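Report on the following structure.
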Number of protein chains: 2
Amino acid sequence: MRILRNWEKHPRMVDDLEVRRRLERFQSVAREAGVKLTHQRLVIFRAVAGSVEHPTAETVYNAVRPEMPTVSLDTVYRTLWLLTDLGLLTTLGPRQGSVRFEANLEKHHHYLCVRCGALRDFDSAELDALPIPSAASRFGRVVSSHVEVRGICAACMQAGGESRRPEA
Amino acid sequence: MRILRNWEKHPRMVDDLEVRRRLERFQSVAREAGVKLTHQRLVIFRAVAGSVEHPTAETVYNAVRPEMPTVSLDTVYRTLWLLTDLGLLTTLGPRQGSVRFEANLEKHHHYLCVRCGALRDFDSAELDALPIPSAASRFGRVVSSHVEVRGICAACMQAGGESRRPEA
DNA sequence: TTAGGTGCAAATTCTTTGCACCCTG
DNA sequence: CAGGGTGCAAAGAATTTGCACCTAA
């Protein structure tokens with residue numbers, strides 16, 4: 001059993017209405033794609049859709065086991081990637097070892113704590129409107145862009161926090 | 001032996017003067033920190049300092065072996081993390097499996113190809129000056145920020161590219 | 001009914017560690 | 001010459017895969 005990181009200890013929730021909206025979308029997208037709506041998939045998607053923490057596969061696994069003690073970690077992985085392929089989730093690329101998933105598909109930006117790895121969304125109309133410099137579009141087609149702000153989160157400032165290898 | 005990704009096939013170089021500047025900095029920082037200047041460290045640092053590709057540990061390993069056939073992959077790892085701890089390198093967090101390192105410590109931004117994983121720097125005075133919204137600084141102290149632009153790079157657009165699991 | 005989904009266990013991939021020898025300072 | 005550094009091999013963590021059974025449609 002791995003040591004829990006700070007951000008894994010304090011699950012925050014997405015508001016209920018939004019979760020229901022995401023679940024509906026899941027059901028219609030899945031049906032349309034001819035993908036079966038299994039109990040596992042529902043529960044796993046709900047776990048991600050209801051979290052604001054950008055959980056890892058293992059975090060989702062832990063969140064889901066009380067309700068569904070027989071799931072296997074590999075089903076969680078397969079389901080998360082399936083949901084990503086269906087366009088229902090987005091991944092953030094591994095930070096400190098593990099890929100992290102999110103169900104927030106709206107344009108937004110990220111705050112990353114380099115101490116504990118906490119990763120939170122924030123909105124900013126001003127940043128949404130950033131121009132893409134030609135220095136960037138020179139490399140190829142541009143699909144999206146967002147700002148990543150790095151720092152030390154309030155919890156870590158206060159606690160000292162278990163300092164894992166930061167990524168600068 | 002893993003299949004090479006597009007960006008691993010076309011090593012680009014940093015200009016010579018800049019590499020020399022970085023090597024000098026390395027020597028003085030290492031000396032000051034009481035860290036030994038071994039042949040391995042020099043060669044490994046030069047490999048990262050001279051590349052514009054944000055190489056993984058394994059990419060560095062391959063780049064360095066012709067010159068130093070007896071290095072071990074774990075020495076490459078230890079050296080890269082040492083250099084990072086000394087503040088001479090920065091990491092980008094793993095993308096598609098592996099952590100990637102860079103020696104460019106100036107403020108800059110990133111273009112990421114979601115197909116092949118190519119990751120390139122670009123500069124933009126305008127983006128350098130972007131304001132940090134209070135929605136972000138609310139989470140804690142802010143240390144840095146940069147823009148990440150995602151898209152499909154020119155090589156992949158043309159080639160079709162081996163499509164690895166993209167990170168959206 | 002039946003193809004797709006799941007659980008289990010084993011395999012892979014990336015990275016770190018323990019230990020004995022080596023080389024820089 | 002002493003203590004840090006290196007190479008080797010083995011351990012660990014994260015993720016994927018093969019296979020036989022199960023279940024939603």
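Each chain gets a letter, A, B and so on, in the order the sequences are listed, and its residues count up from 1. These numbers come from the heavy atoms of this one structure, side chains and all, not from hydrogens, waters or symmetry mates. Bear in mind the structure is a predicted one, so any value in this text is a computation, not a measurement.
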Can you get from Leu37(B) to Val43(B) by hopping between Ile, Leu, Val, Met, Phe, Trp and Tyr side chains that sit under 4.5 Å apart?
-> yes
Any Lys/Arg nitrogen of Glu148(A) or Arg150(A) sitting under 4.0 Å from an Asp/Glu carboxylate oxygen of the other?
-> yes
Between protein and nucleic acid, restricted to nucleotides 23-25 of chain D and to nitrogen or oxygen atoms under 3.5 Å apart, what atom pairs and distances do you find?
unit_1, atom_1, unit_2, atom_2, d
dA25(D), OP1, Leu37(A), N, 3.2

Shortest side-chain distance from Arg78(B), nucleotide among dC8(C), dT15(D), dT6(D) = dT6(D)
How long is the line joining CD1 of Ile44(A) and P of dT6(C), in whole Å?
-> 7 Å
Answer yes or no: does a side-chain N or O of Thr75(A) lie under 4.0 Å from OP1 or OP2 of dT6(C)?
-> no
Starting from P on dG5(C), measure out to CG on Leu73(A) and report it in whole angstrom.
-> 19 Å
Does Arg41(A) place a side-chain N or O at less than 4.0 Å from the phosphate oxygens OP1/OP2 of dT6(C)?
-> yes
Reckon Gln40(A) has a side-chain N or O less than 4.0 Å from the OP1 or OP2 of dG7(C)?
-> yes
Starting from P on dT16(D), measure out to CG on Asp85(A) and report it in whole angstrom.
-> 11 Å
What integer distance in Å separates Asn62(A):CG from dA14(D):C1'?
-> 14 Å
Relative to each other, are the rings of Phe122(A) and Phe139(B) parallel, tilted or perpendicular (30° and 60° limits)?
-> tilted
Taken to the nearest whole Å, CH2/Trp81(A) to P/dT6(C) is 17 Å
Quick one: Arg31(B) CZ to dG4(D) C1', roughly how many Å, whole number?
-> 16 Å
Taking CG from Asp74(A) and P from dA13(D), how many angstroms apart are they, rounded to a whole number?
-> 19 Å
Below 4.0 angstrom, N of the basic side chain to O of the carboxylate: do Arg20(A) and Glu24(A) qualify?
-> no
Among the nucleotides dC8(C), dT15(C), dT17(C), which one has an atom lying closest to any side-chain atom of Tyr77(B)?
-> dT15(C)
Do Val147(B) and Ile132(A) come within less than 4.5 Å of each other through their side chains, counting heavy atoms only?
-> no
How many Å lie between CE on Met68(B) and P on dG5(D), as a whole number?
-> 15 Å
